[in-house]
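What follows is a single structure, written as structure tokens, with notes after it.
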Amino acid sequence: GADFYRERVDAPAFTFSPTRNSSIASRPRVPNRARNLSYGFFAQDTFELIPRKLRLSTALRYSVSSYESRASNSPLVNGRPLFPDDSLRVDSFAGRAGVVFSPVSGFDISFNYSRGFRAPSITDLGTLGLTGDGFEIASTDITGFGGTIGNRADDRAISTGIPIAQQRPEVSNNYDLSLRYHKGRIETDLTGFIIDINDTITKQALILPQGAVGKFLGDQPITRQLPNGVVFVPLSASPVLVRANLDNSRLFGFEYTLQARISNSLLLGGNFTYIRAKDKTTGLPPNIEGGTPAPAGFISLRYTPQRKRYWVEVYSSLVYRQERLSSLDLADRRTGATRSRTSIANFFNNGARFQGLVGNGMDRIAGTADDILLPTGETLAQVQSRLLGNNTSAPLFPRLPGYGLINARGGIRINENSNISIDFENIADKSYRGISWGIDGPGRSLTVRYTYKF
């Protein structure tokens, strides 16, 4: 077979000034009219080597990805386009081979190997602007800046000495071994896996030679630079980031599932997944966007009485705390929520003052030098020291706590065409969040649904 996909981004952008009641063209998040083609040819087959005992499956694919962005699609601002010409074409083979061995009825052993290929996407290649992780820059937008890749994604990054360059595809080698038992009232399987990703595309801090303050990244000026070379723009408290191929990563873990029919009416089910990710060079969590999920499980007990119209289920999601956060996770405002001395001062002198939380103890509006945070009696310097110590910035959440949710649902079949279902979620109203969520998950909720089929 074969497949073909064509993507084009229409993303004109402008900046509006309410004081001047005017707007000017600005650099969009990704280049306007950027185009990406991806296509491939594949073949696959399955061989029954020993009937009902040994089966072999194979697949082979040739993939091509082509990206193009033209400066001619940009309006001219001060006589210059907002983004340069850029293009990339990559191709590679990928494939899979697997074997399933069934020594006895109801028990299977399977092993699979696959080689994956992921070309950089339009977002990888063209992003410039504020994202959930911070302010990002595309490699083509800093040509001539002499930039290098940082070894971290936060303000402690130092230069790796690797110059900023066009991204290359990621290539993965995946191995998994599964044991599956399905007989009688029990169905269960255990799968272990290893995923090696070479030339991992990560987000790292941009390192520039000293003297970068005043230069522009898109429409944002560089307003601050630390001695280690990381730079900042007004839109983000975190350092400017750049996507780049850096080192190799390994993800490994296992997944277990179980379904046990305790009786004709009672079914117990559940699963558990554990994933650990590390940079092969440092052993630290890699700066892969989205982070690595914490160990998580699900368990349910479902009652479906025979010859009855209703069913009831109690179920729970259980997530362990996640302490292996990468430097990108910690700098991500949706996860670590990094705070700097500047951002704390801005809130102290503006938002907190407006809410009546800051004053001199007598006049909450007066802007005297000895203003304090009224609930605690601290000055701005004392608040900054309590929250950051001697650091210039630090994450609000250095880890994500674990949680468990208790839920219940059920339903009743009215007739052949209609039924009613009820789902009561997060009964204990537990606060929880995951990596890159940015907000807590939903609180206690009740959903009633009526379904009619015709």
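None of these values were measured; they are calculated from a predicted model.
Just one residue in the list Asn151, Thr148, Asn228 forms a side chain to side chain donor-acceptor pair (under 3.5 Å) with Ser159, and that residue is Thr148.
Shown here are the side-chain contact (heavy atoms from CB on, under 4.5 Å) partners of Asp247, two or more places apart in sequence or in another chain: Asp279, Thr281. Under the rule for a side-chain contact (heavy atoms from CB on, under 4.5 Å), the partners of Phe216 that lie at least two apart in sequence or sit in another chain are Pro221. Listed by chain and number, the residues in a side-chain contact (heavy atoms from CB on, under 4.5 Å) with Ile50 are Lys53, Leu54 (sequence neighbours excluded). Every residue two or more places apart in sequence or in another chain that forms a side-chain contact (heavy atoms from CB on, under 4.5 Å) with Tyr256 is listed here: Thr188, Leu190, Leu258. Partners of Glu255 under the salt bridge (Lys or Arg N to Asp or Glu O under 4.0 Å) rule, at least two apart in sequence or in another chain, do not exist in this structure.
Contact detail for Ser69 and Ala34: the closest heavy-atom pair is CB-CB, 4.4 Å. Looking at every heavy atom in both residues, Phe101 comes nearest to Pro103 through O-CD, 3.3 Å. Ser316 and Asn407 make their closest contact through CA-ND2, 4.1 Å (heavy atoms, listed as atom of the first residue, atom of the second, distance). Of all heavy-atom pairs spanning Ser327 and Ala153, the tightest one is OG-N, 3.0 Å. Of all heavy-atom pairs between Arg33 and Asp10, the closest is NH1-OD1, 2.6 Å. The minimum heavy-atom distance linking Thr46 with Ser57 is given by the pair OG1-CB, 4.0 Å.
For the atom pair CG of Asp154 and OG of Ser238, the computed distance is 8.5 Å after rounding to the nearest 0.5 Å. Separation of atoms CD1 (Ile149) and CZ (Arg243) is listed at 13.5 Å; rounding is to 0.5 Å. To the nearest 0.5 Å, atoms CD (Gln210) and CD (Gln225) are separated by 4.0 Å. Remark: Arg413 CZ to Ser418 OG distance equals 9.5 Å, nearest 0.5 Å. Note that CG of Leu128 is 9.5 Å distant from CZ of Arg29, once rounded to the nearest 0.5 Å. The CZ atom of Arg8 sits 8.5 Å away from atom CG of Leu37, with the distance rounded to the nearest 0.5 Å.
Side-chain contact between Ser300 and Leu268: absent, with no pair of heavy atoms (C-beta onward) separated by less than 4.5 Å. No side-chain heavy atom of Phe272 sits less than 4.5 Å from a side-chain heavy atom of Thr257. At a threshold of 4.5 Å between non-hydrogen side-chain atoms, the residues Ser87 and Tyr67 do not count as touching. Annotation: side chain of Val9 is not in contact with side chain of Asn36 (no heavy-atom distance under 4.5 Å). Between Leu446 and Asp423 there is no side-chain heavy-atom pair separated by less than 4.5 Å. The shortest distance between side-chain heavy atoms of Ile164 and Val242 falls below 4.5 Å. For the pair Ile109 and Leu177, the minimum side-chain heavy-atom distance is below 4.5 Å. In this structure the side chain of Asp440 never reaches within 4.5 angstrom of the side chain of Tyr432, judged on heavy atoms.
At least one cation-pi condition fails for Arg334 and Trp437: the charged atom is not both under 6.0 angstrom from the six-membered ring centre and inside a 45 degree cone around its axis. Seen from the ring of Phe232, Arg224 counts as a face-on cation partner, given the 6.0 Å and 45° thresholds. Stacking of Arg433 on the aromatic ring of Phe397 is recorded, both the 6.0 Å distance cut-off and the 45° axial limit being met. For Arg409 and Tyr315, the positive end sits near the middle of the six-membered ring, less than 6.0 Å away and at most 45° from its axis.
Without hydrogens or angle criteria, Arg115 side chain to Phe93 main chain gives a donor-acceptor distance under 3.5 Å. The closest donor-acceptor contact from the side chain of Asn426 to the backbone of Lys430 lies under 3.5 Å. Proximity of a side-chain donor or acceptor of Arg321 to a complementary backbone N or O of Ala294 within less than 3.5 Å is not detected. Side-chain N or O atoms of Asn350 include one that pairs as donor or acceptor with a backbone N or O of Asn346 at under 3.5 Å. Side-chain atoms of Ser343 never come within 3.5 Å of backbone atoms of Arg339 as a donor-acceptor pair (strictly under, hydrogens ignored).
Salt-bridge formation is not detected for the pair Arg70/Asp86: no Lys NZ or Arg NE/NH1/NH2 atom is positioned less than 4.0 Å from an Asp or Glu carboxylate oxygen. In this structure, Glu187 pairs ionically with Arg180, as a charged nitrogen and a carboxylate oxygen lie closer than 4.0 Å.
A ring-centre distance under 6.0 Å is not found for Phe107 and Tyr181.
The environment of CD1 in Ile439 is sparse: at most 12 heavy-atom neighbours from other residues, nucleotides or ligands sit within 6.0 Å. Around atom CZ of Phe111, more than 12 heavy atoms belonging to other residues, nucleotides or ligands sit under 6.0 Å away. The environment of Phe4 atom CZ is dense: over 12 non-hydrogen atoms of other residues, nucleotides or ligands sit within 6.0 angstrom. In Leu396, the CG atom is crowded: over 12 heavy atoms of neighbouring residues, nucleotides or ligands sit closer than 6.0 Å. For CZ of Arg156, the number of neighbouring non-hydrogen atoms (other residues, nucleotides, ligands) closer than 6.0 Å is 12 at most.
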* To do: Using the salt bridge (Lys or Arg N to Asp or Glu O under 4.0 Å) rule, take Arg61 and Asp3 through it: C-alpha gap first, then chi angles, then the decisive distance, then the call.
  => CA-CA 11 Å; Arg61 177 184 176 88; Asp3 52 47; 2.9 Å; yes

* Under the side chain to side chain contact (heavy atoms under 4.5 Å, CB included) criterion, do Arg118 and Asp124 qualify, and how do the steps go? -> CA-CA 11 Å; Arg118 189 184 83 84; Asp124 289 327; 3.0 Å; yes

* Test side chain to side chain contact (heavy atoms under 4.5 Å, CB included) applied to Arg55 and Val99, step by step -> CA-CA 6 Å; Arg55 185 172 69 252; Val99 61; over 6 Å; no

* Asked: Does the side chain to side chain contact (heavy atoms under 4.5 Å, CB included) test come out yes or no for Leu325 and Glu323, once each step is laid out?
  -> CA-CA 6 Å; Leu325 298 177; Glu323 297 180 333; over 6 Å; no

* Go through the steps for Arg333 and Leu130 under the test side chain to side chain contact (heavy atoms under 4.5 Å, CB included), then give the verdict. => CA-CA 11 Å; Arg333 56 183 177 166; Leu130 188 64; 3.8 Å; yes

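Ring geometry, Tyr452 versus Tyr450: the interplanar angle falls under 30°, so the pair is classed parallel (tilted spans 30 to 60°).
For Asp329 and Thr335, the side-chain atoms include no donor-acceptor pair closer than 3.5 Å. Thr191 and Ser178 form a side-chain donor-acceptor contact under 3.5 Å, judged by distance and modelled atom types alone. Between the side chains of Asp108 and His182, at least one donor-acceptor pair of N or O atoms lies under 3.5 Å.
Each side-chain hydrogen bond (donor to acceptor under 3.5 Å, both in side chains) pair with one or both residues in residues 194-204, not counting sequence neighbours, appears once here: Asp133-Lys203, Glu136-Lys203, Arg168-Asp199, Asp196-Arg250, Asp196-Lys280, Thr200-Ser249, Thr202-Gln204, Lys203-Glu289, Gln204-Asn287.
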